[in-house]
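One structure is given below, encoded as structure tokens.
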Protein chains: 2
Amino acid sequence: MATMKDVAALARVGVGTVSRVLNDSGAVKESTRRKVEAAMKELNYIPNAYARGLKMNKTNTIALIIPTIWHPFFSEFAYYVERNLSEHKYKMLLCNSDVSNEKELEYIQMVQENKVDGIIGITYSDLDNFVSSHLPFVTIDRHFKEETVCVTSDNFLAGRLAVEQLIEKGCKKLGYIGTHSRFPSETTKRRDGFEDQAGRMEIPYAIFDGEDPVVAFKQEIRAFFEANPDVDGVFAHTDFIALDILEVLDEMKRKVPEEVQIIGCDGIKMEAGRRQIVSTIRQPVDLMAKEAVEKIIQVIDGEPVKTKIVLPVQYVEGPTTKNSF
Amino acid sequence: MATMKDVAALARVGVGTVSRVLNDSGAVKESTRRKVEAAMKELNYIPNAYARGLKMNKTNTIALIIPTIWHPFFSEFAYYVERNLSEHKYKMLLCNSDVSNEKELEYIQMVQENKVDGIIGITYSDLDNFVSSHLPFVTIDRHFKEETVCVTSDNFLAGRLAVEQLIEKGCKKLGYIGTHSRFPSETTKRRDGFEDQAGRMEIPYAIFDGEDPVVAFKQEIRAFFEANPDVDGVFAHTDFIALDILEVLDEMKRKVPEEVQIIGCDGIKMEAGRRQIVSTIRQPVDLMAKEAVEKIIQVIDGEPVKTKIVLPVQYVEGPTTKNSF
DNA sequence: CTGTTAGCGCGTTCAT
DNA sequence: ATGAACGCGCTAACAG
């Protein structure tokens with residue numbers, strides 16, 4: 001592997017000059033610049049990222065921590081994060097935390113090791129003692145004690161929209177089915193919005209809201225419908241929960257959307273260009289990724305940033321509600 | 001940020017000793033080891049990955065290149081790759097190539113920059129001039145001119161199994177619908193296996209096999225069924241193609257699986273634990289990832305490796321074939 | 001057993 | 001405009 005010294009020798013200049021043409025720093029006479037460039041080409045010179053990183057204390061790499069990439073929501077998010085980072089000349093290190101505190105901490109340590117410049121994280125474990133304000137960290141949907149940049153979508157509105165839609169489509173009694181983490185998350189506002197709007201509209205409703213991890217979730221769902229046989233419109237906390245509900249109702253021989261309508265939340269698609277799998281309140285995943293990337297880079301660059309970014313959500317019609325004509 | 005020198009100073013030893021306790025290399029007296037460890041703890045010392053990498057010429061990071069992470073097959077694969085790498089103390093850099101030659105090359109360059117030690121790639125562009133035998137590279141499903149380690153599954157058998165299953169389920173005339181890249185790929189053997197088995201069993205069949213990118217794919221599928229109205233069993237080159245077929249048949253008011261049965265290939269699931277979306281020939285994604293990781297690490301370590309690994313496939317019943325009782 | 005020292009490849013003064 | 005020299009933090013070789 002050719003090094004800077006080799007290039008300098010071949011071009012009969014000092015290493016300093018090579019460095020200058022490489023980084024366009026300082027002035028270099030056109031003729032010598034050409035000599036150097038020729039030498040670089042001839043030796044097939046590629047600068048060593050480690051030496052540079054050691055010197056500059058910068059890696060141009062950020063880590064993305066998510067529970068698992070094997071999930072359409074996270075994989076869409078990761079897709080856009082990588083894409084945006086790439087446009088800013090950054091690389092992305094991916095970590096499936098599997099919701100394990102240990103692995104999340106390991107990655108947080110990596111920023112201290114100088115392996116990454118910052119972290120974007122969707123996390124569900126106890127990180128309060130490690131996330132400090134001088135750690136370049138952007139969270140999605142989550143708050144910490146220390147003020148940290150948080151990108152989220154309008155979860156409260158999501159709940160309200162779902163109620164509005166279900167009522168408009170003729171539902172008489174609503175249900176909310178979801179789970180929540182024991183750590184503070186923006187997504188709990190989905191339920192709040194649901195209750196708020198149902199209250200305003202004076203619609204009766206029932207709720208099942210378990211704490212993760214819920215064992216035998218499907219049985220809980222079944223029990224919910226047995227206890228509330230008149231519920232004909234459900235807002236599910238996520239699209240996957242909507243899918244679970246769909247399976248349970250199928251077992252119970254209750255038709256969707258004829259007898260029960262369901263609206264999920266997230267707006268997952270299996271790949272770009274495919275349809276939603278259920279009627280849903282869609283989060284603007286692309287925008288969330290874009291914001292997260294811009295914010296983490298600003299934090300790394302030491303620029304001031306807003307610590308909370310809330311993005312709009314939107315109802316998208318799918319196969320689990322009655323079409324409105 | 002505390003450095004090794006600081007630790008050495010605080011512990012009143014030389015930096016060599018600190019390095020030794022850090023890496024468990026060479027012998028260190030128990031009492032001094034403790035002194036050093038205490039100092040490390042007190043200063044909250046974290047070794048700098050760059051300095052170490054510069055010295056060792058090793059990053060413990062590999063790059064995974066895939067067309068897009070926003071796809072259940074690739075995201076499952078990436079999930080397992082990261083998991084296996086993690087067990088070997090490696091990190092994973094993720095690259096969505098979007099099937100762009102440029103971006104793939106950029107990552108290949110990174111191994112020369114010493115940003116990564118090796119690459120696992122699912123690629124579809126012209127890389128022959130860059131993939132040389134001394135580049136630590138493991139491909140999935142693909143061959144290059146230069147001998148490179150290739151992990152794949154038994155695609156030929158996949159085609160044969162599909163035919164067997166369709167016939168067993170009562171199909172009289174078969175169809176194969178797929179696409180292929182213009183670069184040599186193991187997956188073209190799915191069609192070969194299909195034709196081989198249909199030939200042996202003397203079953204009539206029709207084929208549509210377009211070259212990527214196929215424009216208006218659904219219209220092609222529709223044309224296929226209009227030209228071959230008696231096809232009652234289809235082997236789709238991928239699960240997503242099976243899904244497209246499903247949509248087309250739905251538009252044509254033809255019932256699946258009653259009138260037409262479909263078997264896909266890949267075995268994608270939206271997340272761990274969920275069901276297949278169609279009847280399918282499933283690839284052992286977890287094993288493929290495990291093999292790919294083991295092989296790339298062996299290559300990096302300079303160990304000899306088999307250059308081709310073929311893993312078994314398996315039929316999995318789903319909603320697009322008639323249940324066999 | 002342990003301290004000292006020489007680079008790893010690069011960016012950056014500081015003279016020239 | 002450009003070359004020489006220093007140091008980033010670490011490992012390994014050597015001397016004691």
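Just so we're on the same page: letters track the sequence lines, and every chain starts at 1. Every heavy atom of this structure was used, including side-chain atoms; hydrogens, water molecules and symmetry mates were not.
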Legend entry - B/R20 CZ - D/dC10 P separation (whole Å): 15 Å
Inset, instruction - Using atom CD of A/Q112 as one end and atom P of D/dG9 as the other, report the distance to the nearest whole Å. - result: 15 Å
Inset, instruction - Send over the distance from A/N114 CG to D/dC10 C1', rounded to a whole Å. - result: 13 Å
Inset, instruction - Specify the residue among B/V13 and B/N57 whose closest nucleotide of DNA chain C lies further upstream toward the 5′ end. - result: B/V13
Inset, instruction - Please check the phosphate of C/dG3 (OP1 and OP2 only) for any side-chain N or O of B/T17 closer than 4.0 Å. - result: yes
Legend entry - Nucleotide of D/dG9, C/dC8, D/dT11 approaching B/M4 most closely (side-chain heavy atoms): D/dT11
Inset, instruction - For salt bridge (charged side-chain N to carboxylate O under 4.0 Å, His left out), just list the numbers for A/R33 and A/D24, CA-CA rounded to whole Å, side-chain angles, deciding distance to a tenth of an Å, and then say yes or no. - result: CA-CA 10 Å; A/R33 144 167 280 121; A/D24 249 337; 3.0 Å; yes
Inset, instruction - For the pair B/E106 and A/K91, find out whether any cationic side-chain nitrogen is under 4.0 Å from an anionic carboxylate oxygen. - result: yes
Inset, instruction - Scan side-chain atoms only and decide if A/R52 and A/N60 contain a donor-acceptor pair under the 3.5 Å cut-off. - result: no
Legend entry - Closest listed nucleotide, where the reference is the side chain of A/V15 and the choices are D/dC8, D/dA5, D/dA12: D/dA5
Legend entry - Donor-acceptor pair present, A/R12 side chain and D/dG3 base, under 3.5 Å: no
Legend entry - No-H, no-angle donor-acceptor pair, A/K55 side chain to D/dG7 base, under 3.5 Å: yes
Inset, instruction - Indicate yes or no: does B/K41 engage B/E37 in a salt bridge with an N to O separation below 4.0 Å. - result: no
Legend entry - side-chain N/O A/Y45 vs C/dC10 OP1/OP2, d < 4.0 Å: yes
Legend entry - Residues from residues 22-35 of chain B lying under 4.0 Å of DNA chain D - heavy atoms: B/N23
Inset, instruction - Determine whether more than 12 heavy atoms belonging to other residues, nucleotides or ligands lie under 6.0 Å from atom CD of B/E30. - result: yes
Legend entry - Interatomic distance where CG belongs to B/D6 and P belongs to D/dG9 [whole Å]: 8 Å
Inset, instruction - For B/V18, answer base if it contacts any base atom (sugar-phosphate contacts may also be present), sugar-phosphate if it contacts only those atoms, and nothing otherwise; contact means non-hydrogen atoms under 4.0 Å. - result: nothing
Legend entry - Separation of C/dG11 P from B/L54 CG (nearest whole Å): 12 Å
Inset, instruction - Find the distance B/L10:CG to C/dG3:P and express it as a whole number of Å. - result: 14 Å
Inset, instruction - Report, as yes or no, whether the 6.0 Å neighbourhood of atom NZ on B/K29 holds more than 12 heavy atoms from other residues, nucleotides or ligands. - result: no
Legend entry - Distance in angstrom units between B/N48 CG and D/dT11 P, rounded: 10 Å
Inset, instruction - Return no unless some side-chain N or O of B/T3 is found under 4.0 Å from OP1 or OP2 of D/dC10. - result: yes
Inset, instruction - Evaluate whether atom NZ of A/K103 has more than 12 neighbouring non-hydrogen atoms of other residues, nucleotides or ligands under 6.0 angstrom away. - result: yes
Legend entry - Nearest-angstrom distance from the residue atom CE of B/M40 to P of D/dC10: 11 Å
